[in-house]
Amino acid sequence: MRPLEPRDIAVLCPTHSHCASYASALRSLGLPVRVAEGGWWQSKIVQAACFALRFAVDPADSHAAICTATLGPGATALPDAIRALAQQGRIETPELSALQQLWPDALAIPVDRLVHQVIEVAGLREWCDRLDDPAQMRADLLRFEAEAAAFMDAHRDMREASGFYGQSANVFLGWLENKVGLKVEDLRPNPSGSEADGVEIVTWHASKGREWPIVVVCGLDHRLNPRAGTFSTKFPGFDDLDHVIEEATLAYAPEFAAPEATDRFLHELHPESEETARRLLYVALTRARDRLIIEWPQDDEKVEPPLPITGRRLLNDVCGIRFQGNQISVGDEDFPARMTICSKELPASFEAESKVHLDASDLELRFALERRPIDALTSVVSPSQAIATSRPLPSQIETRAIAPGVKLAGADLVQATDRGTAIHEALRILLCRPDLRHRVREHCRILDAEVEFLSQQADALRQALADLGYPRLHVEQPIEVPLSDGGSQSIILDLIAEGPNGFMIVDHKSGAVTDHALRFERYWPQLAAYIDEVGTKGAKAVDGAAIFWTETGELTIGRGQQPNA
């Protein structure tokens, strides 16, 4: 047993704005408070890290240079930075000079490793100690590093589905800015660790799955009515999972200039909103392990329908809750309770002379940040970025023309990544399901003539591999490739051709090519990683690898191995 501590108490509020209000009130009483506050993306240390990262991959970015110099550790005055840039073409500061040394290698370093190097050379970690609330700044910076790692771990298809192609630093920053624009993604991390040192203030929704010894539920007068201008999704049932999406409907509540017109639409959403409110209230009221404190508001004095949906009305109407003396009645059950009737003014017991105060010596030490040397990092390179391999280059490399080439020219495919994705998608369909050729044009957003050329390429590739002794095709096969740090990366192999005694790995490349052997050698480290993994997991040996150049319709095949040097 130990005395009650602030971290044993949670205050649950219906909205983030309520949380901020209650946090301000408790802080004014001298109580330590931890509340999930927004503003991480605009945190000074995070913005400095973003601009430093932009400058590291593009030293010609004047805007990034000015922001890094004026916002970062050097705190160069803005007029001085602009004057230096105008007169000398560059801004001379220690952090910019250090960041410039990372270029051009920064273009090939994985983002998570590059972020770590940028933070180190720019001195951002040490800068945190000179800012207001150093612990919070360090926590914000640690989250920035964690987001870079999460970006690298995110599956390529998931990133591309959100419109972010590639793994460069600028793509990462765009992905991160889009992410923090989502609800609750801009919250600042807790600098003290997994538990809060003070009274924790969270929303009803965010309290789900958690417990505290003492819980205070506030905001029972907050209206949870349906709101105009909102979308909702309705599913009639989940018995037939194959048709769930087809049967789903979207509901929209428009807002009109005439309130009575808006109310007619909102009336249809009232039952659903009431059910949501009941679930939220249930979550909030079941978070207390030992003691539950309910802030019971005064009557809203509204008696004419439509009545507002509030936690107070739900407890009255559904539970029949009543207060009598020091007793609460819920239905037919009576429970002993301690009640305190308060006005809007603070009780006398909370006046300044009896203000609650906790000495630093009363706080329990749990977590600490200590400075220690960081081991030298080993670069973790994905197969697509590899530039070296221990596997010898094949001794036999030949190129043969097997089909007419194709270069996409559709107006819908502006970027090279879009064109490459369209070609891979088309070949996947034409190799697996040639009977669906009529759907390729619309699905891949390409021209009819281009579909015809790609269809010829698929047929020719199938025949060429069969002539080589690999008649069975496995299209777009997922594999896990181990990385140097002990982790792994999910890879989609374009094509694995299987013969009676072995496999042939085929990778599609959509760019232009002049020297096939030289380009094959450049891609060999990537192909070697695929060969190693397929050879380990497959039941047969890998005889070699090939690259199909879609722009020229040529196939470069590498078989046999040179003796090790």
Derivation of the side-chain contact (heavy atoms from CB on, under 4.5 Å) call for Leu461 and Leu495 | CA-CA 11 Å; Leu461 184 59; Leu495 179 60; 3.9 Å; yes

May I have the step-by-step check of salt bridge (Lys or Arg N to Asp or Glu O under 4.0 Å) for Arg90 and Glu92, ending in yes or no?
-> CA-CA 6 Å; Arg90 64 183 184 277; Glu92 294 289 349; 2.4 Å; yes

Could you go through the side-chain contact (heavy atoms from CB on, under 4.5 Å) check for Asp129 and Arg138 one step at a time?
-> CA-CA 8 Å; Asp129 297 332; Arg138 280 183 172 265; 3.1 Å; yes

For the pair Asp140 and Arg143, evaluate salt bridge (Lys or Arg N to Asp or Glu O under 4.0 Å) and give the outcome as yes or no after the intermediate values.
-> CA-CA 5 Å; Asp140 290 345; Arg143 180 187 166 184; over 6 Å; no

Test Val440 against Leu436 for side-chain contact (heavy atoms from CB on, under 4.5 Å), laying out the working first.
-> CA-CA 7 Å; Val440 171; Leu436 297 179; 6.0 Å; no

Please test Val171 against Tyr165 for side-chain contact (heavy atoms from CB on, under 4.5 Å), starting from the C-alpha separation and ending with a verdict.
-> CA-CA 7 Å; Val171 173; Tyr165 299 87; over 6 Å; no

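The CG atom of Leu102 lies 6.5 Å from the CG atom of Leu114; values are rounded to the nearest 0.5 Å. Distance check: Trp127 CH2 to Lys44 NZ gives 5.0 Å after rounding to the nearest 0.5 Å. Atom-to-atom distance recorded for Ile429:CD1 and His424:NE2 is 13.5 Å, nearest 0.5 angstrom. The structure places CZ of Arg445 at 6.0 Å from CG of Asp418, a figure rounded to the nearest 0.5 Å. Taking OH of Tyr530 as the reference point, atom CD1 of Ile479 lies at 7.0 Å (rounded to 0.5 Å). Taking CD of Gln526 as the reference point, atom CD1 of Ile505 lies at 10.5 Å (rounded to 0.5 Å).
Between the side chain of Glu95 and the backbone N or O of Gly74, at least one donor-acceptor pair lies under 3.5 Å. Side chain of Glu145 to backbone of Ile119: no donor-acceptor contact under 3.5 angstrom is found. Here the side chain of Asp186 pairs a donor or acceptor atom with the backbone of Gly39 at under 3.5 angstrom. With Gln457 contributing its side chain and Thr550 its backbone, the two residues share a donor-acceptor pair below 3.5 Å. Checked by atom type and distance alone, the side chain of Glu554 never pairs as donor or acceptor with a backbone atom of Ile402 at under 3.5 Å. Under a 3.5 Å cut-off, the side chain of Arg472 and the backbone N or O of Gly499 do not form any donor-acceptor pair. Thr68 places a side-chain N or O within donor-acceptor distance of the main-chain N or O of Phe51, the cut-off being under 3.5 Å. Judged by distance alone, the side chain of Asp494 and the main-chain N or O of His508 form a donor-acceptor pair under 3.5 Å. Put simply, the side chain of Arg391 never gets that close to the backbone of Ile531: no donor and acceptor are under 3.5 Å apart.
In terms of heavy atoms, Leu465 sits closest to Met504 at CD2-CG, 4.4 Å. Minimum interatomic distance between Val451 and Leu430 (heavy atoms only, all atoms of both residues): O-CD1, 4.4 Å. Closest approach of Ala546 to Leu555, counting heavy atoms only: CB-CD1, 3.9 Å. Counting all heavy atoms, side chain and backbone alike, Ala48 lies closest to Gly72 at CB-CA, 4.4 Å. Across every non-hydrogen atom of Ala460 and Ala403, the tightest pair is CB-CB, 3.7 Å.
Residues that satisfy the salt bridge (Lys or Arg N to Asp or Glu O under 4.0 Å) test with Asp435, not counting sequence neighbours, are Arg433.
Taking the side chain as every heavy atom from C-beta outward, Pro110 and Gln167 never approach each other to under 4.5 Å. Arg559 has its side chain within reach of Ile557: a pair of non-hydrogen atoms, C-beta onward, lies under 4.5 Å apart. Between Leu473 and Ile496 the shortest side-chain heavy-atom distance does not fall below 4.5 Å. Using a 4.5 Å heavy-atom cutoff, the side chains of Trp40 and Glu147 are in contact. Side-chain contact check for Cys19 versus Thr203: some heavy-atom pair is nearer than 4.5 Å. Counting only heavy atoms from C-beta outward, the side chains of Leu447 and Arg441 never approach each other to under 4.5 Å. In this structure the side chain of Val46 reaches within 4.5 angstrom of the side chain of Trp41, judged on heavy atoms. The closest side-chain heavy-atom distance from Arg125 to Leu141 is below 4.5 Å.
Cation-pi check for Lys509 over Tyr523 is met; the charged atom lies under 6.0 angstrom from the ring centroid and within 45 degrees of its normal.
The existence of a salt bridge linking Glu480 and Lys537 is excluded, since no basic side-chain nitrogen approaches an acidic carboxylate oxygen closer than 4.0 Å. For Glu398 and Arg400, the salt-bridge test passes: some basic side-chain N is under 4.0 Å from an acidic carboxylate O. Between Lys540 and Glu498 there is a salt bridge, since at least one side-chain N of the basic residue sits less than 4.0 Å from a carboxylate O of the acidic one.
Between Phe144 and Phe172, the ring planes are perpendicular. Angles over 60° get that label, and only those under 30° would be called parallel. Ring geometry, His516 versus Trp549: the interplanar angle exceeds 60°, so the pair is classed perpendicular (tilted spans 30 to 60°).
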